Protein chains: 2
Amino acid sequence: MSELIVKRTTLKQQVYDYLKDSILLGEFNPGERLIEEKIAETLNVSRSPIREAVRMLEKDGLLNVHQTGGVTVVNPTIEDYRSLYEVRVEMESLAAYFAAERCDDSEIALMETSIQEMAHEISIHNLKGLLRVNFNFHEIIVRASRNPFLISMTLQLRGINSFYRRAIVEGDPRNMENALRDHEEIFFAIRKRDPDFARECMRKHIEHDYQAFMKAVQK
Amino acid sequence: MSELIVKRTTLKQQVYDYLKDSILLGEFNPGERLIEEKIAETLNVSRSPIREAVRMLEKDGLLNVHQTGGVTVVNPTIEDYRSLYEVRVEMESLAAYFAAERCDDSEIALMETSIQEMAHEISIHNLKGLLRVNFNFHEIIVRASRNPFLISMTLQLRGINSFYRRAIVEGDPRNMENALRDHEEIFFAIRKRDPDFARECMRKHIEHDYQAFMKAVQK
DNA sequence: CCTCCGTCTACTGTATACAGTATTCTTCTA
DNA sequence: TAGAAGAATACTGTATACAGTAGACGGAGG
């Protein structure tokens, strides 16, 4: 019975998920070359689904194509991150604006829960949990924007952005306390249904994040 | 000798280009299902490169996956276009802002040329040329933003947006005259190196475009 | 006439095979 | 010892083969 459900996914999707997770969790080093045959062997699948997954990750901006064929894990420069944040600050601020206009009560409840969870993770110094719950808060807001393009593009940027992200937390514990305060502020603005204020709060928050990120990466 | 250059492209890339053009030029109808074997036969290639091209177009948002497998050409609703413009207005305005800060003289010259070409295409009522040169102007500005993420995402949105675009021109010839005036205004702002003004001009322009688009699509 | 069930077909998902080209390694020469 | 040429190897790009499944079609039972 549950087998029927299990079988409802394709190998190419599983490979895609596996590779994406591996890249984002740092199990492949930035700049490292990916060999189709090796992955095929590791996962016990043929190269066909792998090639398709690779093409998708390429479009996600997580893999670079070598002109001669073959792909490497993306290795963003400081300059790339500057560009990324230039766009991210605009997109997520816009998302906060729309979220304040459009989100429903259940989403507001989710945000509140997320903030509580974040406080908890901070108190127990759980790095992995912090990263997860932080991502989660932003995702709730972005999805509350009700704009599929904004959602997919923001999440794509977030993916690329999550490379050295753990360094932010490790670099200075107070970063996350500040982030929590930012989140609360954003949450209040959205709950008050004040789009412009929500937008400004988010803008400030992403700029804080940018500064923390840059400080953490300078190493 | 030139053969060496010619051979520097893969079938999957050619298939990708072919399918993308076909979709954007309306040679496949929105919602139409694409059959791998048919395309393979048409292009005299195997299904392998086609499958990879399809995965890329899927990520571009030009093909939808059917849960049972198989893909259909995307068929955006009015609501989708509203979402699209919500994002596009923000991204392209931001691009204009950065372009005013960062573009060099050669890019300014390109913009000027593009405007002249547009005036010419209007005077000879060349629909296809108009679409091309209009796209071209926006592309110059977006690239002048020097932000790779902004560039790729904006061009992606533009791709999806180019579906019913010809209807704008066909609907009312004055739309393009207005667009030309908008372009001039944007150009002056960028040449004056006035980022904020460039941003506002672009914002107004995209909003005009949105109105013209919606009016044209209501049919 | 409808609908339920089976078969048949068309298509996708995945594996495998093969050719061609980078890349690496080796060996020879200056 | 450095550098170049050539062979061996490692990968990719593409084609083909095969299995499984969804949907179409058609016939039997109500």
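Labels below follow one simple rule: chain letters A, B, ... track the order of the sequence lines, proteins then strands, and each chain is numbered from 1. Note that this is a predicted model, so its numbers are computed, not measured.
Atom CD in A/Glu37 sits roughly 7 Å away from atom P in D/dT12 (whole-Å rounding). Here the P atom of nucleotide D/dC18 and the CG atom of A/Leu11 are 20 Å apart, to the nearest Å. The distance between atom CD of B/Glu36 and atom C1' of C/dT14, rounded to the nearest whole Å, is 12 Å. Distance, A/Leu34 CG to D/dT12 C1': 13 Å, rounded to whole Å.
Contact annotation: the side chain of A/Leu62 never approaches that of A/Val73 to less than 4.5 Å [non-hydrogen atoms, C-beta and beyond]. Side-chain contact between A/Val142 and A/Glu139: absent, with no pair of heavy atoms (C-beta onward) separated by less than 4.5 Å. A/Leu34 is not listed as a side-chain neighbour of A/Val54, based on a closest heavy-atom distance of 4.5 Å or more.
Residues B/Tyr81 and B/Tyr210 place their aromatic rings such that the two centres sit no closer than 6.0 Å. A distance of 6.0 Å or more separates the ring centres of B/Phe187 and B/Phe137.
Between the side chains of B/Asn147 and B/Ser145, not a single donor N or O lies within less than 3.5 Å of an accepting N or O. No side-chain donor from either of A/Gln156 and A/Asp60 sits under 3.5 Å from a side-chain acceptor of the other.
Side-chain proximity of B/Ile35 to the nucleotides C/dT12, D/dT14, C/dT23 is greatest for C/dT12.
Taking a 4.0 Å limit (strictly below) on heavy-atom distances, residues 47-54 of chain B reaches DNA chain D at B/Arg47, B/Ser48, B/Pro49. Proximity of residues 38-46 of chain B to DNA chain D (heavy atom under 4.0 angstrom from any strand atom) is restricted to B/Val45, B/Ser46.
The side chain to side chain contact (heavy atoms under 4.5 Å, CB included) check on B/Thr68 picks up B/His66, with sequence neighbours excluded.
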Please tabulate, one pair per line, all N/O donor-acceptor pairs under 3.5 Å involving side-chain atoms of residues 92-100 of chain B, not counting sequence neighbours.
from	atom 1	to	atom 2	distance (Å)
B/Glu92	OE1	B/His138	ND1	2.8
B/Glu92	OE2	B/Arg88	NH1	2.4
B/Ser93	OG	B/Val89	O	2.5

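Nearest heavy atom pair, residue B/Thr72 against residue B/Arg33, reads CG2-CA, 3.8 Å. Nearest heavy-atom pair, A/Met176 versus A/Met118, reported as atom, atom and distance to 0.1 Å: O-CE, 3.7 Å.
In the helix from C/dC1-D/dG30 to C/dA30-D/dT1, the rotation axis of the first five pairs and that of the last five pairs differ in direction by 10°, rounded to 10 degrees.
Using a cut-off of 4.0 Å between Lys/Arg side-chain N and Asp/Glu carboxylate O, A/Lys38 and A/Glu41 are scored as not salt-bridged.
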* Carefully, step by step, assess B/Arg51 and B/Glu37 under the rule salt bridge (Lys or Arg N to Asp or Glu O under 4.0 Å). => CA-CA 10 Å; B/Arg51 285 184 66 83; B/Glu37 280 180 344; over 6 Å; no

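Nearest-nucleotide positions on DNA chain C place B/Thr68 closer to the 5' end than the other of B/Thr68 and A/Arg33.
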Taking N or O atoms only and anything under 3.5 Å, show me the protein contacts with nucleotides 6-8 of chain C, one pair per line.
none

